[in-house]
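To start, the structure under review is shown below, and the notes come after it.
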There are 2 protein chains.
Amino acid sequence: MATLSEVAAEAGVSPTAVSRYLNHRIELPQATRDRIDAAIAKLDYRPNLLARRLSTGKSEAIALVTPDIANPFFAELAAAVERQAHASGYSVYITSTGGHADAEINAIRRMADSHVDGLIMTTNRVDDGSLAGLLAGRENVVLLDEDIAGVTVPRVFVDNAEGSYRATRHLIEMGHRSIALIGGPHRLLSVGERLAGFSRAMGEASLTIRPGWVLLGEYTRDYGAAATHVLLDAAEPPTAILACSDYIAIGVMQGVREHGLSIPKDISLVGFDDMAFAALVDPPLTTIRQPVAAMGELAVRHLLSLLDGHVPPAETRLPVELMIRQSVAPPFKQG
Amino acid sequence: MATLSEVAAEAGVSPTAVSRYLNHRIELPQATRDRIDAAIAKLDYRPNLLARRLSTGKSEAIALVTPDIANPFFAELAAAVERQAHASGYSVYITSTGGHADAEINAIRRMADSHVDGLIMTTNRVDDGSLAGLLAGRENVVLLDEDIAGVTVPRVFVDNAEGSYRATRHLIEMGHRSIALIGGPHRLLSVGERLAGFSRAMGEASLTIRPGWVLLGEYTRDYGAAATHVLLDAAEPPTAILACSDYIAIGVMQGVREHGLSIPKDISLVGFDDMAFAALVDPPLTTIRQPVAAMGELAVRHLLSLLDGHVPPAETRLPVELMIRQSVAPPFKQG
DNA sequence: TTGGCTATGTAAAGCGCTTTACCAACGATA
DNA sequence: TATCGTTGGTAAAGCGCTTTACATAGCCAA
């Protein structure tokens with residue numbers, strides 16, 4: 001690899017001149033420019049980003065810390081983040097942490113310490129304060145999708161409550177009165193809000209939420225299946241289930257099938273997320289669509305404006321949408 | 001951020017001593033070690049990786065260049081690569097290129113130029129020679145999943161031919177004689193090999209491959225649907241379709257449905273990849289499973305051994321597996 | 001003729017680290 | 001006593017770039 005100095009020597013000017021020329025910090029006469037350009041071409045020079053970063057302290061790169069890149073939701077988010085960042089001339093380094101606290105901390109350290117200008121953080125855990133401590137006071141972080149308590153950086157979320165409200169309304173309008181909710185980890189922002197939207201819709205329709213019909217555990221297929229078994233084993237099972245993620249919904253489908261029942265004939269189901277597979281499952285899943293692309297883009301835009309010294313909104317809520325497919329039907333009349 | 005020199009000053013030693021101590025290049029008496037450790041703790045020192053990289057020329061990081069991180073196949077691959085790399089103390093930078101040649105080239109440049117020790121490259125395009133040129137002679141690259149013609153770096157592939165051979169055998173054993181194949185881009189390694197396995201199975205069973213029953217286009221859902229329409233609009237349509245990817249298979253399902261037919265009653269279908277959604281669709285898709293985790297891990301291991309100066313096998317083939325689900329049935333008897 | 005301006009640069013320091021010398025002090029050895 | 005090896009370090013250069021401060025040459029106005 002050729003260096004700046006070699007180019008300068010070849011062109012018969014000083015390294016300073018070449019550097020400033022390349023960074024548009026000097027006006028040179030055509031002849032000099034031509035000599036430099038020729039030298040660059042001849043030596044196939046490309047600047048060493050590491051050196052530049054060390055020198056300037058800027059990297060023109062951002063990091064995306066994500067719990068699990070194999071999860072389509074985060075993968076799509078990552079794709080959107082990349083798209084938007086590239087459009088602004090930024091590189092993106094994606095890391096996935098497996099959802100482990102120490103991995104998250106390491107990732108943030110590694111990223112934030114030295115080689116990126118900013119950080120977009122998504123998590124799906126309840127923080128014990130260590131993340132909050134790490135992120136406190138940083139001016140180059142934005143939180144995406146899920147909150148970290150006690151952190152004051154700009155945040156981009158969807159309107160979780162509105163989503164579950166609409167999902168619940170939809171079930172109620174289809175005639176359901178006995179509706180259960182299966183959600184992710186207790187105390188996670190999205191879970192609390194989705195539960196709140198559910199409660200509001202139920203309340204407005206003067207329906208009671210039965211104790212034991214709100215099951216909070218994990219955003220996983222397995223939990224969805226397990227919770228479904230609990231629900232269906234009860235004396236009087238619900239006629240509809242609101243799953244707080246499509247993964248959970250898949251588990252519900254499995255659980256319902258294992259109980260010898262069918263969706264939507266016996267049990268109606270609404271999911272949340274509208275992951276790519278939601279339209280492909282049997283039956284196609286009615287679910288709440290999150291605007292994944294918009295979330296990623298907005299997070300990048302807010303981060304870049306932060307880096308520019310501006311102050312983006314502390315919290316942005318993106319609208320969700322009810323995607324009606326075929327997993328909801330009127331309740332089965334038993335008598 | 002504290003620097004090495006500040007730590008040294010605090011501990012009353014030279015920066016050299018601290019650096020060598022941290023890199024295990026010197027043996028210091030306990031007292032000195034304690035002073036340095038105390039200084040590090042007090043100043044919350046963490047080394048600046050950028051500076052270290054610039055100085056040593058090593059980064060303890062590898063890059064994964066992938067066409068589309070939102071594609072579950074590549075996302076799972078990425079997750080496996082990360083897992084294995086982290087286990088060896090390496091960081092991974094993931095970039096997705098959108099499958100555009102120039103983006104791939106830029107990514108390789110950016111990555112390879114300055115900030116990673118090695119590169120794992122996956123692509124899903126047919127190279128026009130530019131990638132090959134860029135990668136030629138490099139000793140720190142491994143190719144994963146798909147080939148680039150003319151490149152001599154170590155490669156990790158699955159046994160594509162064996163996969164489609166088994167898929168085709170399965171269809172034949174179920175009684176099918178009229179089998180069509182829908183594949184990805186002509187001239188892609190995987191496509192050629194999958195076609196070869198198909199041909200071999202057909203030949204062994206003395207079945208002819210009808211002209212017009214091998215459709216090569218793209219590894220996309222849309223192409224799968226379009227190709228299916230072509231197939232089903234013909235006077236005498238096939239009774240089974242071998243889709244060379246699960247994405248294509250999803251498109252086939254859609255196409256079949258749009259024709260008012262059903263799988264597997266009217267048309268049998270086998271996919272390829274066993275993406276997460278394959279088990280979730282209606283009907284659950286019989287497909288060829290690729291050992292995604294093993295692929296990612298092996299690619300990392302080969303890359304690291306390359307970096308260590310060893311010579312991994314030029315080409316490794318990983319075994320595939322037929323996952324029998326419910327998209328294949330004996331052919332519908334028409335007469 | 002002088003002073004000052006503009007155009008066209010350059011020298012040198014510094015980013016934070018590693019590494020290659022080198023060195024001083026001390027005890028052991030010949 | 002001279003030498004040697006070991007222990008416990010240090011000084012300084014260098015990785016490739018940016019940036020601040022300064023320099024020179026030419027030209028114009030006063």
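Every chain is numbered from 1 and lettered A, B, ... according to where its sequence line falls, protein lines coming before strand lines. Computed from a predicted structure; not experimentally measured.
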Subject >> Gap between atoms CZ and P, on B/R46 and C/dG16 respectively (whole Å) >> reply: 14 Å
Original post:
To the nearest angstrom, how far is A/L22 atom CG from D/dT19 atom C1'?
Top reply: 15 Å
Original post:
So, does A/D273 use its side chain to make a donor-acceptor pair with the main chain of A/M275 at under 3.5 Å?
Top reply: no
Kindly give the atom pairs (protein nitrogen or oxygen, nucleotide nitrogen or oxygen) under 3.5 Å for nucleotides 24-27 of chain D.
none

Subject >> For the student: nearest non-hydrogen atoms of B/L188 and B/R125, plus distance >> reply: CD1-O, 3.3 Å
**OP:** Just call it for B/S19: base, sugar-phosphate, or nothing, with non-hydrogen atoms closer than 4.0 Å on any strand.
**Re:** base
Original post:
Short question: side chain of B/E82, backbone of A/S96 - any donor-acceptor pair under 3.5 Å?
Top reply: yes
**OP:** Please report, rounded to the nearest Å, how far the C1' atom of D/dC15 is from the CG atom of B/L54.
**Re:** 4 Å
Original post:
Within this structure, what is the CZ-to-C1' distance between B/R53 and D/dC17, rounded to whole angstrom?
Top reply: 17 Å
Original post:
Within the structure, does a side-chain N or O atom of A/N23 lie under 4.0 Å from either OP1 or OP2 of D/dT18?
Top reply: yes
Subject >> Short side-chain N/O contact to C/dT19 OP1/OP2 from B/R25, under 4.0 Å >> reply: yes
Subject >> For atom CD1 of B/I40 and atom C1' of C/dC17, their distance in whole Å >> reply: 14 Å
**OP:** Please assess B/T32 against B/Y21 for the test side chain to side chain donor-acceptor pair (under 3.5 Å), listing each intermediate value before the final yes or no.
**Re:** CA-CA 10 Å; B/T32 312; B/Y21 168 59; over 6 Å; no
**OP:** Grab the CG-P distance between A/L50 and C/dT18 for me, whole Å please.
**Re:** 13 Å
Original post:
Rounded to the nearest Å, what distance is computed from the CZ atom of residue A/R52 to the P atom of nucleotide D/dC15?
Top reply: 19 Å
Subject >> Note, B/V142 side chain near B/V153 side chain (heavy atom, < 4.5 Å) >> reply: no
**OP:** Pick base, sugar-phosphate or nothing for B/Y21, based on heavy-atom distances below 4.0 Å to the nucleic acid.
**Re:** nothing
Original post:
Looking at B/V141 and B/P154, what are the two nearest heavy atoms and their distance?
Top reply: O-CD, 3.5 Å
Subject >> Between D/dT19 (P) and A/K58 (NZ): distance, integer Å >> reply: 11 Å
**OP:** Mind running side chain to side chain donor-acceptor pair (under 3.5 Å) on B/S59 and B/D117 for me, showing each step along the way?
**Re:** CA-CA 6 Å; B/S59 68; B/D117 294 341; 3.1 Å; yes
Original post:
Can you give one letter per nucleotide of nucleotides 8-14 of chain D, 5' to 3': B if a protein heavy atom sits under 4.0 Å from the base, S if only from the sugar-phosphate, - if neither?
Top reply: SBBBB-B
Original post:
Between B/Y219 and B/S190, does any side-chain donor sit less than 3.5 Å from a side-chain acceptor?
Top reply: yes
Original post:
Rounded to the nearest 0.5 Å, what separation is found between the CD1 atom of A/I69 and the CZ atom of B/F74?
Top reply: 13.5 Å
